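Worth knowing before you read on, the calculation uses all heavy atoms, side chains too, and leaves out hydrogens, waters and symmetry mates. FYI, the numbering just counts along the sequence from 1. Just so you know, ligand 1 is whichever comes first in the structure, and atom 1 is the first atom listed for that ligand. Bear in mind that the values here come from a model prediction, so they are computed numbers and not experimental data.
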Amino acid sequence: MSVSLRILIAGGGVGGLALAQGLKKAGHTVRLYEKSVSGGAAGYRLHMNGDGGNALKDLLPPDLFQLYLATSRKDPRKERLVFYDNHLRELGERPHLGARVVDRPKDTAANRATLRELLMIGLADVVIAGEIQGYEETTDGVEIILEDGRRDRGDLLVGFDGVHSRVRRSKLPQARVMDTGLFAIYGRAPLPPSLPPQLMDGFVIVFGPKVLENGVLSLGVFDPRIAVDEAPARCGIDARLTPVAPYMMIAGSLPASMVREKGLRSDTITGPQMKDSLQELVKGWDPHIVAMVDAARAEDFFATRVRYVEAPYDWASSRVTLAGDAIHGMPPTLGIGANLALRDAQVLAEKLNGLASGSRAAIVAAVRSYEAEMRGYAFPLVKRAITQEGSASGFTPMGVLRLIRLVGIGPFLNALRGRKKSFVRPANDEEERAQ
Ligand SMILES: Cc1cc2nc3c(=O)[nH]c(=O)nc-3n(C[C@H](O)[C@H](O)[C@H](O)COP(=O)(O)OP(=O)(O)OC[C@H]3O[C@@H](n4cnc5c(N)ncnc54)[C@H](O)[C@@H]3O)c2cc1C
């Protein structure tokens with residue numbers, strides 16, 4: 001028979017909430033402390049993959065998993081990452097990362113705020129508003145200290161508290177948050193009633209026309225299988241989800257020269273400046289893209305610095321562990337951070353749910369086993385996300401090399417041969433029809 005532990009979680013992002021669901025379902029007592037229960041600016045689109053979806057399937061009660069599927073994006077024509085030039089001619093495509101799903105609806109994309117709302121269903125006795133300041137670990141337990149002086153005690157503390165984790169600061173003071181100096185801008189446009197099929201692919205990356213002075217636009221549809229606010233009733237769940245109108249997420253990485261000339265900085269750039277810059281970037285591109293950027297509301301834009309966590313490879317396991325962005329925060333290039341956070345929750349829950357003893361030795365062994373597995377799948381991906389960043393951040397010489405790795409040398413050379421200084425060969429209608 002497995003034991004019931006008292007487990008404390010720092011942070012109620014997607015990872016912490018999913019872990020709380022999985023531990024509660026298995027009969028543990030869980031207390032999750034979240035400094036911003038209402039969520040703040042958490043409304044962007046999350047690309048979901050088989051790893052994240054499988055984790056949710058394991059962790060959630062079945063009706064909540066159905067709600068996740070119901071509120072996910074409708075299945076796209078191609079559930080792949082597709083690269084286009086700025087006139088929507090295909091340059092290449094890649095499968096998404098993550099496990100292949102065959103026995104259930106595929107993972108597509110979720111609206112982050114919706115996912116967080118649905119993960120909170122049934123956790124009224126678990127989620128507590130409060131900011132964790134630090135913790136004290138003893139042989140027989142761990143005690144957290146909140147900013148307002150409150151304390152709580154448990155058998156284990158899981159730091160799921162994001163890139164700037166307070167738990168990590170104490171557990172691994174040598175870890176550092178690295179700043180690439182780059183930033184990306186995110187916005188959304190109402191989903192037009194009809195769009196060229198290319199723009200409806202799983203995730204779309206559009207490159208601008210010049211090789212060495214470029215910007216990149218990423219586009220991702222969020223159009224749920226069932227309207228978000230109607231989905232709980234359809235899944236037999238008595239809960240309310242905030243309505244979300246279908247949208248196209250627009251993420252831009254501006255050319256370095258534009259950032260320099262306009263004196264743009266991630267901490268001072270305004271919504272109107274972000275929109276103006278993107279409008280300038282897409283001038284002359286496919287008219288559907290131009291229209292969507294024009295339709296995006298300036299106040300919906302936000303900028304995010306491209307950062308990652310440089311953590312030591314190994315450390316002594318204890319009653320305090322780290323998960324999600326707190327230990328492997330990475331640039332958003334691969335679109336997998338949330339999926340990895342969910343996988344961490346799944347793996348950690350599996351180790352804890354099987355424990356036959358609540359002794360310190362048993363808990364620490366479970367934590368050690370989780371940490372070893374997590375390092376194996378997550379750390380190589382942090383490295384990959386960092387080295388691919390150039391391809392999504394403008395065509396510096398390094399960026400060009402990384403792009404070649406992404407789309408392949410053939411399409412890249414063809415593009416270069418076709419037009420001087422232009423990335424993409426102009427379309428030849430006769431040739432295209434013949435193919
Ligand atoms: C714009 C953008 C787009 C992205 N797109 C994707 C995508 O498409 N697919 C994907 O998989 N990933 C994506 N990511 C990455 C993904 O959002 C993160 O990897 C994921 O949210 C990490 O989850 P987490 O639970 O570890 O941390 P977080 O989601 O960061 O949650 C941490 C939580 O801890 C709370 N907290 C922090 N400190 C404390 C404290 N001291 N006490 C109490 N609470 C605290 C915070 O308020 C927060 O709620 C994207 C990220 C960004 C910024």
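Looking at atom 4 (C) of ligand 1, its nearest protein heavy atom turns out to be Tyr44 CE1, 3.6 Å. The shortest contact between atom 34 (O) of ligand 1 and any protein heavy atom is with Gly11 CA, 3.2 Å. The protein atom (non-hydrogen) at minimum distance from atom 6 (C) of ligand 1 is Leu46 CD2, 3.4 Å. The protein heavy atom nearest to atom 18 (C) of ligand 1 is Asp325 OD2, 3.3 Å. Atom 31 (O) of ligand 1 has as its closest protein heavy atom Gly13 CA, 3.3 Å. The protein heavy atom nearest to atom 25 (O) of ligand 1 is Gly15 N, 3.0 Å. Nearest protein neighbour of atom 32 (C) of ligand 1, counting heavy atoms only, is Phe160 O, 3.5 Å.
Between atom 9 (N) of ligand 1 and the options Glu131, Glu34, His47, Arg166, the minimum heavy-atom separation is to His47.
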Next item on the list: Let me see the working for Lys35 and Glu147 under salt bridge (Lys or Arg N to Asp or Glu O under 4.0 Å), right down to the final yes or no.
Entry: CA-CA 10 Å; Lys35 69 174 181 185; Glu147 285 287 347; over 6 Å; no

Report task. Give the intermediate values and the outcome of side-chain contact (heavy atoms from CB on, under 4.5 Å) for residues Ser218 and Val204. Result -> CA-CA 6 Å; Ser218 305; Val204 171; over 6 Å; no

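Residue contacts with ligand 1, taken as heavy atom pairs separated by less than 4.0 Å, involve Asp161 via backbone and side-chain atoms alike. Residue-level proximity to ligand 1 for Arg112 is carried by the side chain, the only part with a heavy atom below 4.0 angstrom. The residue His96 has no part lying near ligand 1, judged by heavy-atom distances below 4.0 Å. Residue-level proximity to ligand 1 for Ala338 is carried by backbone and side chain together, each with a heavy atom below 4.0 angstrom. Residue contacts with ligand 1, taken as heavy atom pairs separated by less than 4.0 Å, involve Lys35 via backbone and side-chain atoms alike.
Looking at Val163 next to ligand 1, no N or O pair under 3.5 Å apart turns up. By the 3.5 Å distance cut-off applied to N or O atoms, Ile132 is counted among the residues near ligand 1. Between Ala323 and ligand 1, no N or O atom pair is found at a separation short of 3.5 Å. Ligand 1 has no nitrogen or oxygen under 3.5 angstrom from a nitrogen or oxygen of Thr304. Residue contacts with ligand 1: Phe302 is placed with no nitrogen or oxygen under 3.5 Å of a nitrogen or oxygen of the ligand (distance criterion only).
Using a 4.0 Å heavy-atom cutoff, Arg116 is listed among the residues neighbouring ligand 1. The shortest heavy-atom distance from Gly130 to ligand 1 is under 4.0 Å. Not a single heavy atom of Gln133 sits under 4.0 Å from any atom of ligand 1.
Counting atoms of ligand 1 from 1 in the listed order, those under 4.0 Å from a heavy atom of Ala341 are 23 (O), 26 (O). Close approach of ligand 1 to Asn339 is summarised as follows: ligand atoms under 4.0 Å from at least one heavy atom of the residue are 10 (C), 11 (O). Close contacts of ligand 1 with Val14, meaning ligand atoms under 4.0 Å from a residue heavy atom, involve 23 (O), 25 (O). Taking a cut-off of under 4.0 Å to the non-hydrogen atoms of Gly324, the atoms of ligand 1 that pass are 26 (O). Close approach to Gly337 involves these atoms of ligand 1, each under 4.0 Å from a residue heavy atom: 10 (C), 11 (O), 12 (N), 18 (C), 19 (O). Below 4.0 Å from some heavy atom of Arg45 lie the following atoms of ligand 1, by number and element: 5 (N), 8 (O). Near Gly162, meaning under 4.0 Å from one of its heavy atoms, ligand 1 places the atoms 27 (O), 30 (O), 32 (C). Atoms of ligand 1 found under 4.0 Å from any heavy atom of Tyr186, numbered from 1 in the order shown, are 1 (C), 2 (C), 3 (C).
Cation-pi geometry between Arg89 and Tyr84 is not satisfied (NZ or CZ under 6.0 Å from the ring centre, within 45° of the ring normal). Cation-pi geometry between Arg45 and Phe222 is not met: the NZ or CZ atom fails to fall both under 6.0 Å from the ring centre and inside 45° of the normal.
Atom CG of Leu118 is separated from atom CD1 of Ile237 by 8.0 Å, given to the nearest 0.5 angstrom. Here the CE-CZ distance, from Met48 to Arg112, works out to 11.5 Å after rounding to the nearest 0.5 Å.
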Side-chain donor-acceptor pairs under 3.5 Å in residues 292-300, sequence neighbours left out?
{"from": "Asp294", "atom 1": "OD1", "to": "Gln279", "atom 2": "NE2", "distance (Å)": "2.7"}
{"from": "Arg297", "atom 1": "NE", "to": "Asp300", "atom 2": "OD2", "distance (Å)": "3.1"}
{"from": "Arg297", "atom 1": "NH2", "to": "Asp300", "atom 2": "OD1", "distance (Å)": "3.1"}

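Judged as a side-chain contact (heavy atoms from CB on, under 4.5 Å), and not counting sequence neighbours, the contacts of Arg234 are Ile226, Glu230.
Shown here is Arg104, whose CZ atom has more than 12 heavy atoms of other residues, nucleotides or ligands within 6.0 Å. Under a cut-off of 6.0 angstrom, the local environment of CG in Asp148 is crowded, with over 12 non-hydrogen atoms contributed by other residues, nucleotides or ligands. When the shell of 6.0 Å around CZ of Arg77 is examined, it contains more than 12 heavy atoms from other residues, nucleotides or ligands. Heavy-atom neighbours of Lys57 NZ from other residues, nucleotides or ligands within 6.0 Å: at or below the threshold of 12.
Ion pairing of Lys106 with Glu79 is absent here, as no side-chain N (NZ or NE/NH1/NH2) approaches a carboxylate O to less than 4.0 Å.
In this structure, Tyr186 has its ring center at least 6.0 angstrom away from the ring center of Phe301.
Inter-residue side-chain proximity for Phe83 and Glu93 is flagged as unmet; no heavy-atom pair is nearer than 4.5 Å. Side-chain contact check for Asp161 versus Arg166: some heavy-atom pair is nearer than 4.5 Å.
A donor atom on one side chain and an acceptor atom on the other are found under 3.5 Å apart for Lys171 and Ser318.
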